[in-house]
Amino acid sequence: MGNDERRVAVVTGASRGIGLAIARQLAEDGFHVVLVARDEAKLQSAQAEIESKGGVAESRACDLSNSADVESLIEGVVSDRGRIDVLVNNAGINRDGLILRMSDEDFHDVLAVNLTAVFVACRASARPMMRGRWGRIINISSVTGLIGNPGQANYAAAKSGIIGLTKTLAKELGSKGITANVVAPGFIETDMTDAMSEEVLSEAAKRLPLRRLGQPEEIAHAVSYLASEGAGYVTGQVLTVDGGMVC
Ligand code: NAI
């Protein structure tokens, strides 16, 4: 593909962890990748790294907790690039606590980034994808959205919500050539899991069929598949990448 014909892939939370691995992979796959997160400096360095390997990328700083900013982000991409072909809603936060002690604020903050921003980005991307009669929406949920997890009522609610949202989009947008799928990671080694104790993580790893934590690149490969031409008949699915935790 020449530069001008490159399909445009927006990846949120691309400054580190799973999002950065997805951005690197999609750039390698030949997409023009739009890196989105809050930290401008980290985005610039991720962009520079992708470009140094021959990829095409740009950075857009955005606070996804603000719906209006999410809407403008997608509108900006479409007006500058003329298209959006792949949307990967990866950014996510947690504010853990048992239900009896969970504040309204902790519930709403997690819902805002992990679910409302996903909805707004999908809504804003749907029309331009319909115009191109091609699109791939890939939303990053979690095994917590499938089975729940003590201390994560807010996170689980958002991550389950992503699944219902995505299955609905698959049904509404399929006739326009747009697929919508979910990737549900298990324990993946990133800053998010660094916040957990070594002991908890190694105990968790021991209980997994594959006996190890996952790597961000292993999620990126799943996203790469769902974004590919070859995955054109796959929609409304939840691809669990979790070392066999939920099986
Ligand atoms: P991380 O904490 O390392 O990175 C999160 C990314 O989201 C960062 O780029 C951060 O800047 C961005 N972000 C957070 N709030 C934002 C906001 N308000 N506006 C813009 N950007 C924002 O997380 P990690 O581990 O890479 O997770 C990525 C996704 O995978 C998340 O949705 C997470 O819930 C999900 N996940 C992660 C698992 C893990 O074990 N690491 C397991 C299951 C799901």
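Counting starts at 1 for both ligands and their atoms, following the listed order.
At the top of the distance list for atom 38 (C) of ligand 1, counting protein heavy atoms only, stands Gly186 O, 3.8 Å. Looking from atom 37 (C) of ligand 1 to the surrounding protein, the closest heavy atom is Ile18 CD1, 3.7 Å. Looking at atom 1 (P) of ligand 1, its nearest protein heavy atom turns out to be Arg16 NE, 3.4 Å.
Side chains of Asn181 and Gln237: a donor-acceptor N/O pair is absent below 3.5 angstrom, by distance only. At a cut-off of 3.5 Å, with distance as the only test, a side-chain donor of Asp63 or Ser65 sits close to an acceptor on the other residue. Looking at Thr166 and Asn139, their side chains do bring a donor and an acceptor atom within 3.5 Å of each other.
When the side chains of ILVMFWY residues are joined at heavy-atom separations under 4.5 Å, either directly or via intervening members, Ile140 and Tyr225 end up in a single hydrophobic cluster.
Near Cys62, meaning under 4.0 Å from one of its heavy atoms, ligand 1 places the atoms 19 (N), 20 (C).
Checked against a 3.5 angstrom limit, the closest N/O atoms of Asn114 and ligand 1 fall outside it. Annotation: Gly13 places an N or O atom under 3.5 Å from an N or O atom of ligand 1; distance criterion only. Residue Val113 has no nitrogen or oxygen atom sitting less than 3.5 Å from a nitrogen or oxygen atom of ligand 1, judged on distance alone.
Between Arg7 and Glu229 a salt bridge is recorded (basic side-chain N to carboxylate O distance below 4.0 Å).
Proximity of Glu189 to ligand 1, defined as any heavy-atom pair under 4.0 Å, is not found for any part of the residue. If you look at Ala184 next to ligand 1, there are no close heavy atoms at all, none under 4.0 Å. Residue contacts with ligand 1 for Asn90 involve both N, CA, C or O and side-chain atoms from C-beta outward (heavy atoms, distance under 4.0 Å).
Distances from atom 40 (O) of ligand 1 to the heavy atoms of Val88, Ile188, Asn139, Val241 show the closest one on Ile188.
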